[in-house]
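Encoded as structure tokens, the structure appears first; notes follow it.
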Amino acid sequence: MRLSAGVLLCALLSLAAGDEQRLPEEELVVVTVATRETDGFKRFFRSAKHFNYTVKVLGEGEKWKSGDHTSSPGGGQKVRLLKAAVEDMKDEKQILLFVESYDVVFASGPSELLKKFQQARHKVVFSSESLIWPDRHLEDKHPHVAEGNRFLGSGGFIGHLPNIKEMLADWTGEDTDSDQLFFTNIYIDPVKRKSINITLDSRCRLFQNLHGALDDVVLKFEDGRVRARNVLYDTLPVVIHGNGPTKLQINYLGNYIPNMWTFETGCTACHEDLRPLTALKESEYPLVLIAIFIQQPTPFVEVFFERLLRLQYPKNRLKLFIYNQEAHHEGQLSSFVKDHGSLYQDVKLVGPEEEMDQAASRNLGFDVCRKDEDCDYLFVLDIEVVLENEETLQILIEQNLPIVAPMITRVGRLWSNFWGALSAEGYYARSEDYVDIVQGRRVGVWSVPYLSSVYLVKAGLLRSELSTYELFTSSLLDPDMAYCHNVRGQGVFMYVTNMHTFGRILSTQNYQTSHLHNDLWQIFENPVDWQERYIHENYTRIMRDQLIETPCPDVYWFPILSDVGCNHIVEEMEHFGKWSGGATTDNRIQGGYENVPTIDIHMNQINFEKEWQKFLLEYIAPITEKMYPGYFTKCSTPLNFVVRYKPDEQPLLVPHHDASTFTINVALNSKDLDYQVNGEELRDVTVWPISTSLCFSSPCLEVNAGPGTELMLAVFSRAARCPPPPWADASACMTPLCLSVCLQALFDLAFVVRYKPDEQPSLRPHHDASTFTLNIALNQVGPDYQVSGFSFMCSSCSYMLEGSDPSSSHQTLIKAIMQYIFSLQQSSCWIRHIQQ
């Protein structure tokens, strides 16, 4: 008896070991149904190939008759095709895995799949769901489970071939019948469930259906690998199925699974199935219709067309469709077509007189390409797109995707031309990876639910899946949302790539069209584009390449405005036309009196004051603070204006001193090109400088700028080094660029002032025309009077750098005074002022 028991025990152990023997992978066959090769099917097949699954596809080329069973019952055609296929399978050892294809990805390989199937200890295992479909009345008939989902999902099951044949044997339904209802009725029948030996993958170890479980599924990044993890049951499913209304979520997961993008490798599939253009002759390039849409007043339209011309693509392989809804832009558009339209194979214009809305205009643009048999691609390009990458079109074509967009963003914001997710109502929602993609921390090609503004479409789609004319028309959705909804409804994937830097999108908010050059006012809304348009190309090199010139001490010249910037300011002022008369009476300024008048227009007269101060803060203040370490300015500007000099009007401005801390002068036309200077004589031209006087935290002296598109900043500080004055040389002259006047201490008025409490106790603050003023106290504080501040008896002499020859006694007096001041070390800097 003991021997017999030992033999029996060994036999049982041997049998158990045999049951646990791993199922051979070569016995596994994956079966799916796909009547056409969609983007979803390509994704499924790529994931199957990644893990070396053997896939058998049923229904290829057959017309789909089972309807859209994502929202209504259907799918019977799949059961019919599967039944016919298994009847032809003769190897009883085979293990069959049936899955959907358009909305399924594999997250792991056959080894893990078979191991988990074997651990289920049933002959057929179905995926499970937390929601019952399609007949809720059958809920009570479903057996309860210890843990997990209790309802059957027909989108995925695995089993031994004989058991699956038995399960399918009773199918006699129509192609339009529900496959899920058919399998549910088998499962809830206790006899059939036991006979076939069916169970559910309740804890989602094998299959993960996303419908009803979106909050339970997250991405799990392992070492060089990405999985989907069910956090509710702490499982790693092998097959991920975006069943029902979860197509967007499976698209999101498909951006990563299986190993499409990892932190270690980045994008692994971005260079697959490319369409290189480098080996093609220009005549062999695909023909592209560029559809440009101008549907609102937009800044920098001229720059848009300049960039369009620089696009690196054979222009004889480009056609243009331009829809312009704004009469404001007709002049710019007409100039472009007149000057450059002949470069393109064809140009079609649709103007505001057509009175088409946004949807109608875009439907028309798409249809132009659809009906053109030669059209290979449609490139949609809205006018507010700043396409800086000149190779954008080639890059997009080489991606070889159905619809692909270059990622563009709005400067300083997370706004972009794509959405990573949609809300339940179909509007914007932020995906988990959106910020990382926009900020470039994750780089690749991404399937997304929404695109706008700029994207490339394969023309073949417009003649097949997207053949419906009114793609942009909807009574509920905006045109771009309607378009994307219709594209998604046809199973067409939309992609965005951030593998290159492509450009940005302009802000069109607050864009006014009341000026001649409205772009000048865009320094707040579109600062990057404003700088590219109006700031000199060498401005950013000023410090690095030492582009600042010093024509005389404490005077700095550097490039600041571009030629376009200078021209636009001049033209804007001439367009405004209300130049002052150059009289000393000026009601535009406080007090109504101008001591040194000019013929000018103030910035505030054209509502440009805020913009000009922004310019000073952004571009002038940094240079000022570099030149004078320790000084900081808020660029509080009491007066900003453009001056016009003409030989027969106001040829020059006399040397003078003003009350500003420092003054900047920008020449708006160019020396030798627009005018010539010979000493103080101008030819018959007009010269426009900009003058801005600013308050600053140090004493200063203004010196006028020279010509050219340059800026001169003159600031004199006590801390500056002062060279000895050339006293003995009466003919010594200043640097010509400063004032070009011989160094002579000339004055036209010298006087003694008497202050008495009952007569004239003080002198109010004022501004005079002297280059500098010398005040000498002739009595002493304390013994002669008491003072608070600077109220004391003094002698005042105002000295000019030009005027009648002074008497010898005056010269003697002035030289004595200057020698005395020069002997005082602390006042040495003022000697230079006197010299000048």
Side-chain angles (χ1 to χ4, degrees), residues 66-80 82-83 97-100 103-104 116-117 119-160 163-217 230-235 237 239-247 249 424:
S66 287
D68 179 16
H69 57 282
T70 60
S71 56
S72 60
Q77 186 174 355
K78 294 184 291 185
V79 184
R80 173 178 63 80
L82 180 60
K83 180 180 179 181
L97 170 66
F98 179 83
V99 290
E100 302 279 8
D103 51 9
V104 166
K116 289 181 176 179
F117 169 57
Q119 290 171 347
R121 302 193 182 283
H122 283 73
K123 297 299 183 180
V124 178
V125 179
F126 270 86
S127 66
S128 66
E129 298 187 39
S130 61
L131 304 173
I132 186 171
W133 171 267
D135 190 349
R136 295 185 59 184
H137 299 93
L138 301 178
E139 180 175 351
D140 293 338
K141 296 185 178 182
H142 281 73
H144 290 276
V145 296
E147 181 184 15
N149 303 323
R150 57 184 288 237
F151 304 116
L152 177 143
S154 65
F157 58 86
I158 184 172
H160 293 274
N163 303 78
I164 291 179
K165 283 183 176 181
E166 180 183 352
M167 181 175 64
L168 296 174
D170 294 337
W171 171 260
T172 57
E174 301 293 330
D175 284 356
T176 55
D177 290 345
S178 171
D179 61 331
Q180 179 129 327
L181 184 60
F182 169 72
F183 290 121
T184 296
N185 286 328
I186 295 175
Y187 174 67
I188 62 177
D189 185 328
V191 176
K192 291 183 178 180
R193 183 170 69 246
K194 182 177 180 180
S195 172
I196 301 172
N197 196 7
I198 301 176
T199 191
L200 300 185
D201 179 31
S202 300
R203 297 181 61 248
C204 304
R205 300 181 73 244
L206 286 160
F207 305 97
Q208 176 65 67
N209 290 311
L210 295 178
H211 188 36
L214 292 180
D215 294 335
D216 302 336
V217 180
N230 187 307
V231 296
L232 183 61
Y233 306 121
D234 194 21
T235 55
V239 179
I240 315 299
H241 180 203
N243 59 318
T246 63
K247 301 299 181 276
Q249 286 71 25

So, taking the atom named OG1 in Thr246 and the one named CG in Asp103, what distance separates them when rounded to the nearest 0.5 Å? 7.0 Å
Could you list the donor-acceptor pairs under 3.5 angstrom formed by side chains in residues 142-149, with sequence neighbours left out?
unit_1: His142; atom_1: ND1; unit_2: Leu138; atom_2: O; d: 3.0
unit_1: Glu147; atom_1: OE1; unit_2: Arg203; atom_2: NE; d: 3.2
unit_1: Asn149; atom_1: ND2; unit_2: Ser128; atom_2: OG; d: 3.3

What is the distance from atom CG of Leu210 to atom NE2 of His241, rounded to the nearest 0.5 Å? 8.5 Å
Apply side-chain contact (heavy atoms from CB on, under 4.5 Å) to Asp189 and list each qualifying residue two or more places apart in sequence or on a separate chain. Val191, Lys192
Partner residues of Lys141 under the side-chain hydrogen bond (donor to acceptor under 3.5 Å, both in side chains) criterion, sequence neighbours left out: none
Looking only at non-hydrogen atoms, find the nearest pair between Ser66 and Gly76 and report the distance. OG-N, 3.5 Å
Among residues at least two apart in sequence or on other chains, which ones pass side-chain hydrogen bond (donor to acceptor under 3.5 Å, both in side chains) with Asn185? none
According to salt bridge (charged side-chain N to carboxylate O under 4.0 Å, His left out), who are the partners of Arg205, at least two apart in sequence or on a separate chain? none
To the nearest 0.5 Å, what is the distance between CD1 on Ile164 and CG on Leu82? 7.0 Å
Does Asn163 have any side-chain contact (heavy atoms from CB on, under 4.5 Å) partners at least two apart in sequence or in another chain, and if so, which? Lys123, Val124, His160, Ile196
Roughly how far apart are Ser195 OG and Met167 CE, rounded to 0.5 Å? 12.0 Å
Spatial distance of atom CD1 (Ile132) from atom OG1 (Thr184) [nearest 0.5 Å]: 7.0 Å
By side-chain contact (heavy atoms from CB on, under 4.5 Å) - contacts of Glu129 (at least two apart): Gln180, Asn209, Asn243
Does Asn230 have any side-chain hydrogen bond (donor to acceptor under 3.5 Å, both in side chains) partners at least two apart in sequence or in another chain, and if so, which? Gln208
Contacts of Asp215 meeting side-chain hydrogen bond (donor to acceptor under 3.5 Å, both in side chains) (sequence neighbours excluded), chain-then-number -> none
Minimal heavy-atom distance between Pro237 and Cys204, with the atoms involved, is CB-O, 3.4 Å
Could you list the residues that satisfy salt bridge (charged side-chain N to carboxylate O under 4.0 Å, His left out) with Asp140, not counting sequence neighbours? none
With sequence neighbours left out, what residues match Lys116 under salt bridge (charged side-chain N to carboxylate O under 4.0 Å, His left out)? Glu112
For Ile188 and Pro190, the nearest pair of non-hydrogen atoms, with its separation, is O-CD, 3.2 Å
Look up atom OG in Ser127 and atom CG in Leu200, then write down how far apart they are to the nearest 0.5 Å. 8.0 Å
Check for a donor-acceptor pair, side chain of His122 on one end and backbone N or O of Ala120 on the other, with a separation under 3.5 Å. yes
What pair of heavy atoms forms the shortest contact from Asp179 to Ser154, and how long is it? OD2-OG, 3.3 Å
Which ring-ring contact (aromatic ring centres under 6.0 Å, His included) pairs, counting each pair once, include a residue from residues 172-213, with sequence neighbours left out? Phe126-Phe183, Phe157-Phe183, Trp171-Phe182
